[in-house]
Amino acid sequence: MAAQSGIVPTAELSQQWSSFLNNAQERVFKISIQEEQLQPDGNWSIEDEAELEKVFKLFGREDVAQDKSPSYFIVKVSPTSSSGSPSLLFISYVPDNSPVRSKMLYASTRTTIIRHLGDSQFSDSIFATSKDDLSYNSYLAHTRHSSAAAPLTARETEMRDIRAAESAAADDSNDSSHQQQAGRSIIFGQRQQEGGEGGAEVKGALPWSDEAKEAVRGLNDGKEVVQLEIDLKTENIVLSEPQPSSLALPADKPCYFFYRHAAGIVLIYSCPPKSPIKSRLIYSSAVLVFYKYAAKEFAGVEVLKKLETDDPSEVTKEWIDSELGPLATNSTSTNDGDDSSGSGTLAGAAPMPKEDRASFARPTRPGRSSRR
């Protein structure tokens, strides 16, 4: 906030301001800084109920606004409002080519004059730096900008698109009785239950195709990778075609990728930025139940850990190791026998020789010798 200039209004300004408020035909009131005081510098009348465009044409007159002289203007947008008092617009007019001292003086005095006149009386305010800014079209552009919705962030834009996709998908669900029978996903609130391998029910899980179940079961028999995806038409988990033969994830669509690591089976949920909005919505909503319950119940596979990425190119064996952290390190340990000594060493770490295990010694109190 600019520092206050110390310039104060004159008594004459207060008197003319009251007169301006009570006279419906007076539409423009001008205030200038003269002799280090805020003083009235003219007011202009126009026929009552005149269009606002005609009021703004007054600024084209040389005796109203000058090219190099700053001033404050109060415009009656309408002589009366719903509250019975006039609707007022405050304009701080400081031309770009006016003297630097004048610019600083008017900038630091603006708050003073608004408070003196009564800031609650003004419905809007404008900063003008040229006579072109005092036109009716400029005022309309200002009001359109003020009433426009605030720009959305990237996250807000994405959520708006997701809601639109959700609404469109919900409408599409009425087009096919087969889809209604299969049930919509948990996103649309109509996905109920599917039976697991042993007859167990998994609430909120999307159904798996037989091919998907069989492929994931193969991980228990030494298979290294399996890639699954969601058929958006039926909202079933299906086997991706073609199946990858190595650790390579698609760059243009989301997927659920199983990888057999030395530590156990890892699920990688990949969702590249290029993925369609509806796909992102469904995959992200289904992944929690997918890895915690469905993989085990439908295919008998225990998932060691779920990893997520939006950059499939970063998925390498080294990346997985770094994401697993201690889980990856411990997987290289041998399991020849239990550590019954209670030494608390990590798996795979050589136990500390007994003679090197120093007993805990209480620290010596300050000022005393450690000798006894």
Distance from [X] atom [atom1] to [Y] atom [atom2], nearest 0.5 Å?
{"X": "Leu88", "Y": "Phe20", "atom1": "CG", "atom2": "CZ", "value": "6.5 Å"}
{"X": "Ile74", "Y": "Ile113", "atom1": "CD1", "atom2": "CD1", "value": "6.5 Å"}
{"X": "Phe29", "Y": "Ile91", "atom1": "CZ", "atom2": "CD1", "value": "14.0 Å"}
{"X": "Ile237", "Y": "Lys213", "atom1": "CD1", "atom2": "NZ", "value": "11.5 Å"}
{"X": "Ile33", "Y": "Gln39", "atom1": "CD1", "atom2": "CD", "value": "10.5 Å"}
{"X": "Leu38", "Y": "Ser14", "atom1": "CG", "atom2": "OG", "value": "10.0 Å"}

Would you kindly confirm whether Trp17 and Val8 end up in one hydrophobic cluster when ILVMFWY residues are joined by side chain heavy atoms under 4.5 Å apart?
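In one cluster: no.
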
Say whether Val238 and Val216 are linked into one hydrophobic cluster, either directly or through other cluster members, by side-chain heavy-atom distances under 4.5 angstrom.
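Cluster IDs for Val238 and Val216 differ.
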
Heavy-atom pair with the smallest gap, counting every atom of [X] and [Y]:
{"X": "Pro250", "Y": "Cys255", "value": "CD-SG, 3.8 Å"}
{"X": "Leu13", "Y": "Pro9", "value": "CD2-CB, 3.5 Å"}
{"X": "Ala299", "Y": "Trp208", "value": "CB-CZ3, 4.1 Å"}
{"X": "Ile126", "Y": "Tyr139", "value": "CD1-CD1, 3.8 Å"}
{"X": "Lys76", "Y": "Leu21", "value": "NZ-O, 4.0 Å"}
{"X": "Ser245", "Y": "Val225", "value": "C-CG2, 4.2 Å"}

Do the side chains of [Y] and [X] get nearer than 4.5 Å, heavy atoms only?
{"X": "Ile320", "Y": "Leu247", "result": "yes"}
{"X": "Phe257", "Y": "Pro244", "result": "yes"}
{"X": "Ser98", "Y": "Lys103", "result": "yes"}
{"X": "Phe59", "Y": "Val28", "result": "yes"}
{"X": "Tyr283", "Y": "Val287", "result": "no"}
{"X": "Pro207", "Y": "Asn236", "result": "yes"}
{"X": "Thr10", "Y": "Pro40", "result": "yes"}
{"X": "Glu235", "Y": "Ile282", "result": "yes"}

Apply ring pair (Phe, Tyr, Trp, His ring centres under 6.0 Å) to Phe258 and list each qualifying residue two or more places apart in sequence or on a separate chain.
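Phe258 satisfies ring pair (Phe, Tyr, Trp, His ring centres under 6.0 Å) with Phe290 only.
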
Taking only residues two or more places apart in sequence, or in another chain, which ones meet Trp44 in a ring pair (Phe, Tyr, Trp, His ring centres under 6.0 Å)?
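Per chain and number, Trp44 pairs via ring pair (Phe, Tyr, Trp, His ring centres under 6.0 Å) with no residue.
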
Would one find more than 12 heavy atoms of other residues, nucleotides or ligands at under 6.0 Å from atom CD of Glu241?
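Enclosed.
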
Please indicate whether Lys131 has more than 12 foreign heavy atoms, meaning atoms of other residues, nucleotides or ligands, lying under 6.0 Å from its NZ.
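Correct, the count exceeds 12.
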
Charged N-O contact under 4.0 Å between Arg260 and Glu224:
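Judged by the 4.0 Å cut-off on N to carboxylate O distance, Arg260 and Glu224 do not form a salt bridge.
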
Ring pair (Phe, Tyr, Trp, His ring centres under 6.0 Å): which pairs involve residues 107-129, sequence neighbours left out?
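Sorted result for residues 107-129: Phe90-Phe122.
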
His261 and Leu304: CA distance, side-chain angles, deciding distance, side chain to side chain contact (heavy atoms under 4.5 Å, CB included) verdict
CA-CA 9 Å; His261 187 273; Leu304 174 68; 5.6 Å; no

Decide whether a cation-pi geometry holds between Lys317 and Tyr259; the criteria are a distance under 6.0 Å from NZ or CZ to the six-membered ring centre and an angle within 45° of the ring axis.
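The answer is no, since Lys317 fails at least one limit relative to Tyr259.
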
Derivation of the side chain to side chain contact (heavy atoms under 4.5 Å, CB included) call for Leu58 and Val75
CA-CA 11 Å; Leu58 291 171; Val75 177; over 6 Å; no

Ignoring hydrogens and angles, tell me if any N or O in the side chain of [X] forms a donor-acceptor pair with the backbone of [Y] under 3.5 Å.
{"X": "Lys305", "Y": "Leu327", "value": "no"}
{"X": "Tyr106", "Y": "Pro70", "value": "yes"}
{"X": "Arg280", "Y": "Ser275", "value": "yes"}
{"X": "Asn220", "Y": "Gly300", "value": "yes"}
{"X": "Glu36", "Y": "Ile7", "value": "no"}

Could you walk me through whether Arg110 and Tyr72 pass the side chain to side chain contact (heavy atoms under 4.5 Å, CB included) test, one step at a time?
CA-CA 8 Å; Arg110 178 178 179 274; Tyr72 304 118; 4.2 Å; yes

With distance as the sole criterion, is a donor-acceptor pair present between the side chains of [X] and [Y] under 3.5 Å?
{"X": "Thr109", "Y": "Thr112", "result": "no"}
{"X": "Asn23", "Y": "Ser19", "result": "no"}
{"X": "Asp311", "Y": "Ser313", "result": "yes"}

In chain order, what residues pass the salt bridge (Lys or Arg N to Asp or Glu O under 4.0 Å) check against Lys253, with sequence neighbours excluded?
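For Lys253, the residues satisfying salt bridge (Lys or Arg N to Asp or Glu O under 4.0 Å) (neighbours in sequence not counted) are Glu229.
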
Test side chain to side chain contact (heavy atoms under 4.5 Å, CB included) on Ser270 and Thr309; report intermediate values, then the result.
CA-CA 5 Å; Ser270 171; Thr309 182; 4.0 Å; yes

Ala215: what forms a side-chain contact (heavy atoms from CB on, under 4.5 Å) with it, not counting sequence neighbours?
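side-chain contact (heavy atoms from CB on, under 4.5 Å) check on Ala215 returns Lys223, Val226, Leu239.
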
Go through the structure and list residues passing side-chain contact (heavy atoms from CB on, under 4.5 Å) with Glu318, not counting sequence neighbours.
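By the side-chain contact (heavy atoms from CB on, under 4.5 Å) rule, Glu318 matches Thr316.
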
According to the interplanar angle, ranging from 0 to 90°, do the rings of Phe73 and Tyr93 count as parallel (below 30°), tilted (30 to 60°) or perpendicular (above 60°)?
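Ring orientation of Phe73 relative to Tyr93: tilted.
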
